[in-house]
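What follows is a single structure, written as structure tokens, with notes after it.
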Amino acid sequence: MPTARNADARRIRRAASAKGRTARVKRGRRSPLATVALLAIGLMFTGGAYALFSASPSDNGAVAASQENVERGQKLFAANCATCHGLALEGTEAGPTLLGVGAASVDFQVGTGRMPLMNQSPQAPVKPVQFTEEDTQALADYVASLAPGPAIPSAEYLQADGDATHGAELFRINCAMCHNVAGAGGALTEGKYAPELHEVTPQHIYEAMLTGPQNMPVFNDANITPEDKRDIITSLVYMRENPSPGGFELGSLGPVAEGLFAWVFGIGALVALAVWLTARSN
Amino acid sequence: MTTTDTRTAPAADRAKSGGVTGALSNYIDERTSISVAVKEFGRKIFPDHWSFMLGEVALYSFVVILLSGSFLTFFFQASMAEVEYSGSYVPLKGLEMSAAMASALDISFDIRGGLLMRQVHHWAALLFIASIGLHMLRIYFTGAFRKPRELNWVIGFVLFILAMAEGFTGYSLPDDLLSGNGLRIIDGMVKGIPVVGTWISYLLFGGEFPGTQIIGRLYTLHILLLPAIIVALIALHLVFVVVHKHTQYPGPGKTNENVIGYPVLPVYAAKAGGFFFIVFGVIAFMAAFFTINPIWNYGPYDPSPVSAGTQPDWYIGFADGALRLVPPHLEFVLWDHTFSWNIILPIAVLGLFIVTVMVYPFIEAWVTGDKREHHLLDRPRNAATRTAIGAAGVSFYAVLWAAASSDIIATHFKLAMEHVIHVLQFLLIVGPFIAFYVTKRICLALQKKDREIALHGYESGRIVRLPGGEFIEVHQQLDEYERWKLVSYNDYQPLMIRPGVDGKISSLQRVRASVSRWFFEDRIEPVSQTELDHSHGHGHAAVAGSPDQYQSVESGSGSAGGAPHAH
């Protein structure tokens with residue numbers, strides 16, 4: 001991989017992102033027209049930047065964010081997403097603005113099937129993915145072309161080859177209170193929940209930490225560095241790939257599942273055997 | 001029996017007939033007189049019923065716990081000294097943890113058979129307490145706690161509490177994240193006790209939680225003090241079972257004065273011995289195939305993280321549930337002390353609940369005024385109010401129990417956690433009343449059905465036209481054995497208020513009378529002999545049943561202490 005070029009691209013994106021942030025902060029005090037103007041400028045800057053350094057905007061090099069791809073994404077967006085998020089990504093009452101959410105967020109939300117949203121419920125559930133990988137990429141490119149935001153993570157952090165001990169410790173401290181120590185998921189308030197992590201791909205885990213989807217807080221690179229994120233992914237992948245040494249895990253739900261199993265299977269079997277032992281005399 | 005024969009036989013014959021076994025048993029008997037005990041105990045009769053084996057399940061799982069626990073003590077380090085984990089579980093390698101956690105991990109990963117033993121120990125513990133609970137329910141609903149067995153009920157109840165204490169101390173020993181959170185909750189509850197709470201907490205933990213003492217202290221309790229008390233109480237419990245004789249279900253030939261069943265030797269010795277291995281086998285199967293308490297997932301205890309889905313083992317769940325259901329904002333400050341009613345209230349309610357369970361036999365004896373011995377069990381329907389109280393207690397416990405898993409209920413049934421909590425809060429109060437009412441009505445209805453069947457037999461569905469043109473349905477009458485079960489039970493009536501020696505009626509007497517009225521106001525009286533005679537006398541399609549048969553029913557009931565037809 002041409003790492004120097006990657007670094008360049010990142011630096012420029014970071015600069016662009018800083019500019020975008022100031023623009024958003026000021027937007028509240030300006031007229032709607034100014035927003036449009038700023039949008040246009042932002043579009044020109046970022047679009048231009050992406051067009052210039054478009055060798056591998058997503059770093060995983062699947063599809064280049066070509067102008068063609070962005071246009072395809074725009075059409076897909078208008079057809080599938082704009083009802084709620086607005087034609088210019090400005091957001092409506094039904095959905096938040098997508099300006100500045102970045103390609104990572106689009107890839108996570110669309111790539112896990114959460115978007116397009118099925119209905120307005122406390123939380124968007126994971127469901128069968130609605131778009132092909134190319135279409136998802138096109139949507140991500142389109143959204144990222146309008147305003148800067150977190151990019152799809154570089155493949156080097158997704159190999160699950162980090163320090164599992166450190167990752168597991170970080171996971172227990174930062175993630176386990178919602179997702180459970182074994183990544184089995186957990187309940188939040190008002191019908192929301194932290195989903196289980198057994199099936200989630202490393203890329204989506206990384207993107208979730210980076211963008212904080214739904215009720216999840218954002219764990220940005222200053223909070224948890226990309227290396228730390230890699231370690232967390234490593235520990236989760238280790239847990240997934242190494243089945244429990246103790247046997248079937250009963251959903252990794254802890255004492256509730258264990259107690260239920262002891263009562264239903266254990267006591268059930270023993271009572272059945274006791275009935276069998278005394279059956280003849282009665 | 002052969003033992004007694006050989007004792008009187010000449011030595012030469014004995015050597016010929018008994019061989020080595022005979023000579024050996026004689027050698028032992030001449031020095032210990034053990035044949036007396038074998039003769040006495042070997043001929044002891046026990047009745048046969050599956051529900052009588054629940055206590056055995058508890059006993060055998062306890063033996064399994066002792067065996068596996070002894071294995072674990074060889075390798076476990078009850079120390080909170082900081083060490084760096086260097087065992088073979090990769091995601092914890094190099095992490096600082098207590099020696100207790102590190103040794104528990106070594107048992108799991110680096111000692112041959114260690115993980116199996118850990119899982120045997122833990123599964124057996126869950127089954128131990130579960131089978132005690134079921135055993136207690138059987139005792140309760142069949143009235144086996146009545147005189148002369150009240151004290152044995154109390155002993156059994158204390159064993160149940162001690163078993164929970166054993167469970168909790170053992171659960172905390174590995175010093176993993178999950179059990180550390182459990183200890184923190186206990187610490188919080190202790191600190192919630194007004195005035196003395198903080199003192200007790202510091203005493204218990206040897207300073208501020210978690211300190212460096214608690215694992216060692218829990219270990220002493222877990223492997224020394226509590227097991228010693230439990231073993232002693234189990235021995236006492238079993239001695240009482242032998243002294244009292246085992247209870248039996250009502251049935252043909254079974255009276256208050258006899259025990260119908262099989263002798264210990266050879267039947268029960270073999271049966272119980274075999275059942276031990278069955279219990280051991282079930283536990284070993286569970287331990288071999290199903291993970292329990294994966295401490296390697298939880299990691300070492302650290303006071304900062306708390307995992308979602310943190311629950312105690314099932315038997316402490318009801319206490320956890322009480323903490324989850326108590327409404328918020330109940331604390332207030334008085335004289336510089338915070339009174340956390342959201343902690344004091346659950347402790348008080350649970351304390352009241354378990355003390356009521358413990359003293360229930362005495363309450364019921366006081367209410368009924370019954371001083372007779374009872375060796376025949378009640379069918380639950382025939383003690384409607386007791387059964388209904390039991391059902392109310394079970395539903396109260398069950399709601400608290402469910403509340404401990406409120407978060408898992410919410411995620412798995414796609415509900416909002418708040419709704420789950422509010423529904424359970426409602427059920428905690430209302431559920432026992434519904435359970436009481438429904439159960440009592442079901443019991444009374446079943447009694448009515450029994451009465452109907454005893455008097456008129458089963459509907460056979462055969463319609464006969466009499467010569468006069470009348471249609472009748474032929475009822476299939478019960479034989480006397482079946483009827484015996486339906487008509488022979490104790491019938492209690494509300495106590496009458498009577499003035500004492502001083503001619504006054506004390507308020508205690510009034511309370512007793514009103515409770516007694518509440519117990520026995522709604523009741524179905526057992527079928528009396530007159531009713532039976534009358535029912536079959538007017539020739540209402542009595543197919544089976546001659547006066548002779550009723551006579552024999554009566555003589556059967558006469559031998560029972562319950563004296564069902566006395567009223």
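Chain naming here is simple, since letters A, B, ... match the order of the sequence lines and numbering starts at 1 in each. Scope of the values below: all heavy atoms of this structure, side chains included, with no hydrogens, waters or symmetry mates.
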(message) Is A/Phe265 close to chain B through its backbone or its side chain, or both, or neither, when contacts mean heavy atoms under 4.5 Å?
(response) side chain
(message) Less than 4.5 Å to any heavy atom of chain A: does that hold for the side chain of B/Leu54, its backbone, both, or neither?
(response) side chain
(request) Go through the side-chain N and O atoms of B/Thr291 and A/Ser244 and say whether any donor and acceptor fall under 3.5 Å apart. (result) yes
(message) Restricting to non-hydrogen atoms, name the atom on A/Phe219 and the atom on A/Lys229 that form the minimum distance, rounded to 0.1 Å.
(response) O-NZ, 2.9 Å
(request) Pick one of side chain, backbone, both or neither for A/Leu270, based on which atoms fall under 4.5 Å of a heavy atom in chain B. (result) both
(message) Taking the ring of B/Trp123 and the ring of B/Phe290, is the distance between their centroids below 6.0 Å?
(response) no
(message) Under a 4.5 Å cutoff for heavy-atom pairs, which residue among A/Pro122, A/Ser235, A/Ala274 has the most contacts with chain B?
(response) A/Ala274
(message) If I take atom OG1 from residue A/Thr165 and atom OH from residue A/Tyr238, how far apart are they, to the nearest 0.5 angstrom?
(response) 9.5 Å
(message) If I measure from the heavy atoms of chain B, does A/Ala168 come under 4.5 Å with its side chain, its backbone, both, or neither?
(response) side chain
(request) For this output row, return yes or no: ring centroids of B/Phe46 and B/Phe52 closer than 6.0 angstrom. (result) no
(request) Go through the atoms of A/Met239 and report whether side chain, backbone, both or neither lie under 4.5 Å from a heavy atom of chain B. (result) side chain
(request) Measure A/Leu188 against the heavy atoms of chain B and call it side chain, backbone, both or neither at under 4.5 Å. (result) backbone
(message) Do A/His85 and A/Phe77 have side chains that approach each other closer than 4.5 Å (heavy atoms only, starting at C-beta)?
(response) yes
